[in-house]
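Heads up, the thing below is written out as structure tokens.
FYI, side chains are in, hydrogens and waters are out, and symmetry mates aren't considered; it's all heavy atoms of this structure.
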Amino acid sequence: MNAGHTHEAEYYVGLMSGTSLDGVDAVLAEIGPSGQVRLLHTHYLPYADTLRAQLLALHVPQPDEIHLAACAANELARLYADAVKTVLTDFPGTVRAIGCHGQTLRHRPMDGYTLQIGNAALLAELTGITVIADFRSRDIAAGGQGAPLVPAFHAQVLRHPGIHRVVANIGGIANLTDLPVNGLVRGWDTGPGNMLLDAWIRRHNGAHYDRDGAWAASGTVHSGLLAAMMDHPYLQSSPPKSAGREQFNLDWLDGTLNHLDAAIDPVAVQATLVELTATSLADAINRECPGTQELYLCGGGAHNGALTQRISALLPKLSVATTAALGIDPDWVEALAFAWLARQTLHHVPASLPAVTGARGERILGAIYPACPRRKQ
Ligand SMILES: Nc1ncnc2c1ncn2[C@@H]1O[C@H](COP(=O)(O)OP(=O)(O)O)[C@@H](O)[C@H]1O
Ligand SMILES: [Mg+2]
């Protein structure tokens with residue numbers, strides 16, 4: 001048996017469930033001997049409202065939270081297993097491993113930990129496939145942020161030898177990867193992505209998200225609110241840095257609104273939240289990535305026309321497109337990244353970038369939950 005490198009293509013499943021709490025993205029990826037990636041199958045499994053509400057509640061301290069989190073982790077494992085089964089329907093090959101990000105409940109590198117739940121042992125048991133999970137903890141143990149982890153993957157599949165590119169993944173939180181022609185790959189969370197947009201529209205009209213940013217586009221940006229939000233210390237600090245619902249949430253937004261004298265129309269708040277995501281991303285690129293020529297967007301926010309228009313307008317010198325222009329569907333980049341990260345783990349290849357996370361050095365990431373050994377007949 002070859003435990004390490006092989007000269008043939010291998011197959012991995014990637015599972016991503018991000019801070020948006022929208023659901024599970026599952027992909028089947030073919031990964032070649034030098035790490036080249038091909039997307040074979042995809043499946044999206046949205047969370048039921050009850051599960052989303054439970055997970056959201058677990059982001060802040062509450063009674064009996066250890067038990068509740070463990071039960072939610074089991075439910076997630078069953079959902080993940082369903083997504084894996086669907087993505088593998090009619091697939092005749094052998095899957096080496098599932099790379100499972102899990103669902104973040106806390107991200108506190110300043111306290112030395114991050115917590116992604118999803119009972120990887122149960123997922124291995126339900127699928128019979130090796131599962132790699134808990135990708136972030138090792139980097140935090142080495143003094144890093146544990147995030148973002150996708151820059152190494154972006155560098156593998158999207159870097160160009162002659163063009164300075166930046167990749168921005170707009171999930172619940174937005175993160176960017178700087179891919180200069182020469183020099184280090186860097187990356188960090190720039191601030192809120194869709195999270196506040198989703199929370200605000202849900203509060204005001206019950207929708208899960210603002211489709212194409214249509215509601216936001218019908219409002220006017222409130223410059224006082226934008227300035228107050230841009231004052232957030234996170235947005236003013238330098239990388240390496242990573243963020244979560246700890247920094248950006250409805251309580252923070254409500255507090256900021258309360259500090260302003262004027263009552264602001266809800267639709268203007270939505271428009272201003274779009275501007276916040278666009279401005280924090282554009283500022284980060286202008287400040288930290290001089291010379292960028294091309295910006296590629298991925299994640300659910302790439303479908304928000306109001307948002308992508310504002311990003312393009314704030315960065316007039318850049319060519320802005322989604323990763324589809326480079327042949328990678330923007331909806332599946334992160335799940336593909338976790339398939340690729342699982343492959344790096346099994347091949348004993350470090351996948352963290354100290355220039356991104358600030359860790360003492362690169363590390364092999366992830367915890368391995370092996371498939372059951374096959375019994376001899
Ligand atoms: N058509 C669309 N218009 C506007 N926003 C969208 C659209 N499709 C997806 N989104 C946004 O993308 C989010 C999901 O993005 P995703 O990349 O899955 O984030 P995460 O990694 O945090 O789960 C949704 O919650 C929504 O805010
Ligand atoms: Mg998602």
Side-chain angles (χ1 to χ4, degrees), residues 18-23 46-47 49 52-53 55-57 59-60 104 107 168-176 189-237 241 243-286 297 299-315 320:
T19 38
S20 295
L21 292 171
D22 58 312
Y47 285 160
D49 287 346
R52 179 183 303 109
L55 293 169
L56 193 58
H59 279 71
V60 290
T104 298
H107 182 67
N169 171 47
I170 308 175
I173 293 286
N175 60 273
L176 74 69
D189 293 340
T190 56
N194 306 305
M195 221 162 60
L196 295 168
L197 297 170
D198 289 355
W200 189 255
I201 196 170
R202 188 164 300 156
R203 178 191 279 179
H204 287 276
N205 73 17
H208 287 311
Y209 63 88
D210 184 11
R211 185 172 286 273
D212 201 28
W215 190 44
S218 69
T220 307
V221 173
H222 188 284
S223 55
L225 175 60
L226 179 64
M229 291 196 293
M230 283 301 297
D231 254 354
H232 193 303
Y234 182 86
L235 303 179
Q236 300 307 325
S237 66
K241 58 180 179 175
R245 288 183 180 271
E246 283 84 354
Q247 286 83 6
F248 300 103
N249 51 55
L250 270 186
D251 282 349
W252 168 71
L253 175 57
D254 286 338
T256 312
L257 285 167
N258 287 339
H259 270 93
L260 296 171
D261 286 338
I264 304 175
D265 199 359
V267 69
V269 174
Q270 189 78 2
T272 310
L273 289 173
V274 164
E275 200 67 14
L276 173 68
T277 294
T279 306
S280 49
L281 177 61
D283 276 11
I285 293 172
N286 285 332
L297 305 176
H303 297 294
N304 184 328
L307 177 61
T308 57
Q309 260 179 30
R310 288 306 303 149
I311 292 169
S312 299
L314 290 168
L315 296 164
V320 182

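- The minimum heavy-atom distance between P266 and W200, with the atom names listed, is O-NE1, 3.0 Å.
- How far NE2 of H303 is from CG of L297: 11.0 Å, rounded to the nearest 0.5 Å.
- Between A284 and L176 the shortest heavy-atom distance is CB-CD2, 4.0 Å.
- Atom CD of E246 and atom NE2 of H107 lie 7.5 Å apart (nearest 0.5 Å).
- With contacts defined as side-chain heavy-atom distances shorter than 4.5 Å, the pair R202/Y209 does not qualify.
- One N or O on the side chain of N304 and one on the backbone of L307 form a donor-acceptor pair closer than 3.5 Å.
- Side-chain atoms of E275 do not come within 3.5 Å of backbone N or O of T220 as any donor-acceptor pair.
- A salt bridge is defined here as a Lys NZ or Arg NE, NH1 or NH2 lying under 4.0 Å from an Asp or Glu carboxylate O, and R203 with D254 meets this definition.
- Between the side chain of T277 and the main chain of V274, no donor-acceptor pair closer than 3.5 Å is present.
- Expressed to the nearest 0.5 Å, how far CE of M229 lies from NE2 of H222 amounts to 10.0 Å.
- No donor-acceptor pair under 3.5 Å is formed between the side chain of W215 and the backbone N or O of V267.
- Nearest heavy atoms, T308 versus A302: CG2-O, 3.7 Å.
- For the pair Q270 (side chain) and L197 (backbone), a donor-acceptor distance under 3.5 Å is present.
- The shortest distance between side-chain heavy atoms of L253 and N249 does not fall below 4.5 Å.
- Remark: H208 engages no residue in a ring pair (Phe, Tyr, Trp, His ring centres under 6.0 Å) (not counting sequence neighbours).
- Scanning all heavy atoms of the two residues, the minimum distance from I173 to M195 falls at CD1-CE, 4.0 Å.
- A heavy-atom distance below 4.5 Å is found between the side chains of P192 and L276.
- Between the side chain of S280 and the backbone N or O of G191 there is no donor-acceptor pair closer than 3.5 Å.
- Between T279 and L314, the closest side-chain pair of non-hydrogen atoms falls below 4.5 Å.
- Note on residues 204-227: no pairs pass salt bridge (charged side-chain N to carboxylate O under 4.0 Å, His left out), not counting sequence neighbours.
- Note on residues 249-284: pairs passing ring-ring contact (aromatic ring centres under 6.0 Å, His included), not counting sequence neighbours, are H232-W252, F248-W252.
- Although no hydrogens or angles enter the test, the distance criterion places no donor-acceptor pair under 3.5 Å between the side chain of K241 and the main chain of D189.
- Distance check, rounded to the nearest 0.5 Å: CG of N194 to CG of L21 gives 12.0 Å.
- Q309 places no side-chain N or O within 3.5 Å of a backbone atom of A306 that could act as its donor or acceptor partner.
- In this structure, the separation between CZ on R245 and CG on D251 is 11.5 Å, given to the nearest 0.5 Å.
- Rounded to the nearest 0.5 angstrom, L281 CG and L235 CG are separated by 11.5 Å.
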